[in-house]
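Heads up: the structure comes next, in structure tokens.
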Number of protein chains: 2
Amino acid sequence: MRDTRAELLMQAETLVRGRGFAGFSYADLAAAVGIRKASIHHHFPTKVDLGAALVAAYAARYAAALETIRLDVPDGPGRVEAYGRLYLGGVEQGLGCLCAALAIEGEALPGRLRRDIAAFFADHLAWLEAILRAGQADGTVRGGADPAALARYVVATLEGALLMERLFASPAAFQGTLAVLVDGLRPR
Amino acid sequence: MRDTRAELLMQAETLVRGRGFAGFSYADLAAAVGIRKASIHHHFPTKVDLGAALVAAYAARYAAALETIRLDVPDGPGRVEAYGRLYLGGVEQGLGCLCAALAIEGEALPGRLRRDIAAFFADHLAWLEAILRAGQADGTVRGGADPAALARYVVATLEGALLMERLFASPAAFQGTLAVLVDGLRPR
DNA sequence: CGCAATCTACCTACTTAATGGTAGACAATC
DNA sequence: GATTGTCTACCATTAAGTAGGTAGATTGCG
């Protein structure tokens, strides 16, 4: 019975992604996990500690998925499409991106969290830039464009699509945007 | 009809766009405007009332800007670029999109607000769809793609770019993404 | 016109509930 | 026997919202 911490992380992630970081309380989380409010402080002394642990776990899960995609999918557009599909689950479950939820809080966030989420995005950008560069090299991605700029454009489109299509509860529309995005990356 | 109300709307918008809807209080707003907390309730009985007024004012400002763009800019890509530049101010000021900030709150939001922000996005989508359709008709936008799908893709990219580039405080990167976006709309 | 009634915009002071967080007791376990 | 995890009980602070009042406009009307 050691997974209370894991359970806390899971439920807290759902709460943040569903209502924002300022939008849930330790009382909500305690109720979701079936524990007393004070017990949460044993695992995560402050809410910021919880936030940081949340981002770390979320980033680690994404990092693993990114590595899997690189190993399993050979071509540039295919990899970006697989990357985009990682966001799809959020639309289907009605949950936004954890780091987007935190990013919205912006200036109200402690610097530590702000740095963590910036690192989350920076990781994705670096991975995508490498993927796109490789795609340009092997001819599966259209050349001419700066891979770093392309990477930012890809993350932006997917984050924005998740944000909006969650509101409209429209996985189909999300997939439509993903299709437009991936198609635009192919050589002309 | 004093302009205390307008001042309240202005400062509240800054607060929401900077810290999220749940991330500020009437006390914060009162301090920003230089008024007592209770006086806010005279103008906006509840926080949800304030939120709705905020969205209405924000949507109206965008609607006016959209109309101006349609009148002033003749071609499809130019119009989309002008539309994208509306977001740029947010990046420069470190403020996100008001409706994105609310959308993040998702399920915690009263249905009324959720409907209002859905309508905000729906308005933009409808405008863009018309713009893109016209662009396809006059040959300034590449044909073949569904204008409705393209419109969703455009809004998603810009909302996402604002979200991310605000975090990185990088107007240049936002403009890079906008350039990629607009370029992809031109005929090949 | 004069003037009372009403309205507007703000105030101080308060309520109720929730917030994040703490203190310390108690079992179980290593 | 120390550590771990949970509990009850509490704290100070802050949240949104209310009660009731006041000074100054605005209005209705004899």
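Computed from a prediction, not measured in an experiment: that's the story for all the values here. Convention: sequence-line order gives letters A, B, ...; per-chain numbering from 1.
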Task: Residue-phosphate contact under 4.0 Å: B:H42 side-chain N/O, C:dA9 OP1/OP2 - done: yes
- [ ] Starting at atom CD1 of A:I35, determine the distance to atom P of D:dT8, rounded to an integer number of angstrom.
- [x] 11 Å
Task: Distance, rounded to the nearest Å, where B:F21 contributes CZ and D:dA15 contributes P - done: 14 Å
Open item on the list: What is the separation between atom CG on B:D3 and atom C1' on C:dC10, rounded to the nearest whole Å?
Closed with: 14 Å
Open item on the list: Does C:dC11 have OP1 or OP2 under 4.0 Å away from a side-chain N or O of B:S39?
Closed with: yes
Open item on the list: Would you call the rings of B:Y26 and B:H41 parallel, tilted or perpendicular, taking 30° and 60° as the class edges?
Closed with: tilted
TODO: Find which nucleotide of DNA chain C each of B:K37 and B:L8 is nearest to by heavy atoms, and output the residue with the more 5' nucleotide.
DONE: B:L8
- [ ] Using whole Å, report how far CZ of A:F44 lies from C1' of C:dT22.
- [x] 19 Å
- [ ] Just say parallel, tilted or perpendicular for the rings of B:Y87 and B:F174, cut-offs at 30° and 60°.
- [x] parallel
- [ ] For A:I40 and C:dT22, give me the distance from atom CD1 to atom P, rounded to whole Å.
- [x] 14 Å
Open item on the list: Nearest to the B:Y26 side chain among C:dG21, D:dA16, D:dA9, which nucleotide is it?
Closed with: D:dA16
Open item on the list: Can you tell me if A:T46 touches the phosphate of C:dG20, counting only side-chain N or O atoms and a distance under 4.0 Å to OP1 or OP2?
Closed with: no
Open item on the list: Can you measure B:D28 atom CG to D:dG17 atom C1' for me and round it to whole angstrom units?
Closed with: 16 Å
- [ ] Indicate, with a heavy-atom threshold strictly under 4.0 Å, whether B:F24 touches base, sugar-phosphate, or nothing.
- [x] sugar-phosphate
TODO: Round to a whole Å and report the spacing from CZ of A:R36 to P of D:dC7.
DONE: 6 Å
Open item on the list: Checking side-chain contact (heavy atoms from CB on, under 4.5 Å) between A:E13 and each of A:R17, A:Q11, A:M10, which is the one that passes?
Closed with: A:R17
Open item on the list: Please verify the inter-ring angle class for B:Y62 with B:H124; under 30° counts as parallel, over 60° as perpendicular, anything in between as tilted.
Closed with: tilted
- [ ] Look up atom OG1 in B:T68 and atom CG in B:L86, then write down how far apart they are to the nearest 0.5 Å.
- [x] 9.5 Å
- [ ] Considering just the side-chain nitrogens and oxygens of A:T4, establish if one lies under 4.0 Å of OP1 or OP2 belonging to D:dG5.
- [x] no
Open item on the list: What is the separation between atom NE2 on A:H41 and atom P on C:dG21, rounded to the nearest whole Å?
Closed with: 6 Å
